[in-house]
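Before any comments, here is the structure.
All ligand and atom numbering here is 1-based and tracks the order in the structure.
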Amino acid sequence: MSGPTLLKESGPREVFCGLTSIVWLHRRMPDAFFLVVGSRTCAHLIQSAAGVMIFAEPRFGTAILNERDLAGLADAQEELDRVAKELLQRRPEIRTLFLVGSCPSEVIKLDLSRAAERLTDELQGRVRVVNYSGSGIETTFTQGEDGALAALIPFLPSSDERQLLLVGTLADAVEDRLVHLFNKLNINAIKSLPPRQSTDLPAVGPGTTVLLTQPYLTTTARLLKDRGARVLTAPFPLGAEGSRRWMETAARDFEVDEAQIDSVLSPLMERAQIALAPHREVLKGKRIFLLPESQLELPLARFLQRECGMELVEVGTPYLNRDQMAEEIALLPEGTPVMEGQHVELQLDRVRDSKPDLVVCGMGLANPLEAEGIATKWSIELVFSPIHGIDQAGELAELFSRPLRRHQLLAH
Ligand code: SF4
């Protein structure tokens, strides 16, 4: 059978939990607040992830469950109500409050959906309170976004309007550019989830065509289908080729004629080839191993192999939604090992045995690998960087050529 070799493994994992996605979600919706119901470990994780990656403004916090809560001696529900109300009094600009579950809140079976309903009632619609889980028992880091968006779906108004709904957080500038290009293709009714204001929720219904901007939104996509929307299957908008196919898929759904698609996208493709050329020089023939973390691994591997000439040693992914990823899978070279799940020890053994030129992995694994002389790229950086779209293909390639250049310099 042709195509990549799809494999699975399980065992000890080394990935960030879903709380991490708060770091980009809170930037997207400045009128929302993310209250993690968790332990001091959870608070430290968010603060260090946010502190490392961005200039963090206080749009998230942690309601600390202490030893008494965990031992079931105190009524954690009452404590949570008190913390949430104090927060909303202090911060009247908050319009949506996300109660984010964690490993500790799950262990003591704290019912956050009940808390969210109760608080919404008490606040009489002034603030919408919703809940989702970011616990490391249930989620890897990008799945936190899937949980947050899925929690908003019941609140989306209904509409039959013919429209394109872009689903998944993008950098605002990247989104503006993509919307501009869709407008040039005569697609003008375009909405986003998450919206830029948490109260500005898009309507959804049978006229809605959903185009996922990120591959990790499986639950959100299913719930949108349940609301009557059609979810397109396309390669994801990473790299020039993937972004072009992604835009073409939407354009065809809106019956834009092929000549117009070509006249808008072909000049961008030519520019992208020029931007990619110097990076391709560095990347061509180099061997890359992608460890599972962000679920961006398949689109990245496809881009690095097809447009940058890299050789794929192994492509890991924490989960593989075969239907949504069908087009990505079809574009990977025959025989490429695609490993769903993780047994971190076995995976590290394979990394060491295969001696790749570059490993994409979590922050926790990068330092030890670098110490062994293996160049690495943090997967979390890819989630924070504006890498989507044909225009960004050069920037995306640079994220991989830079560590290799650095490594070469250090080696001499
Ligand atoms: Fe750790 Fe779980 Fe808290 Fe995430 S949710 S920081 S995995 S304790």
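If you check which protein heavy atom lies closest to atom 1 (Fe) of ligand 1, you get T41 CG2, 4.2 Å. Of all protein heavy atoms, the one lying nearest to atom 6 (S) of ligand 1 is C42 CA, 3.6 Å.
When ring centroids are compared, F182 and W246 come within the 6.0 Å threshold.
In terms of heavy-atom proximity, L276 sits nearest to A393 at CD2-O, 3.6 Å.
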Go through the steps for E327 and R245 under the test salt bridge (Lys or Arg N to Asp or Glu O under 4.0 Å), then give the verdict.
CA-CA 10 Å; E327 304 231 357; R245 290 188 187 218; 5.1 Å; no
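Each of the following atoms of ligand 1 lies closer than 4.0 Å to a heavy atom of C103: 2 (Fe), 5 (S), 7 (S), 8 (S). For ligand 1, the atoms sitting less than 4.0 Å from at least one non-hydrogen atom of S102 are 5 (S), numbered in the order shown with element in parentheses.
Not one N, O or S atom of C17 sits under 2.8 Å from atom 3 (Fe) of ligand 1.
Residues T209 and R162 have side chains that bring a donor and an acceptor to within less than 3.5 angstrom of each other.
Just one of Q295, Q324, Q214, H388 meets the side chain to side chain contact (heavy atoms under 4.5 Å, CB included) condition when paired with F236; it is Q324.
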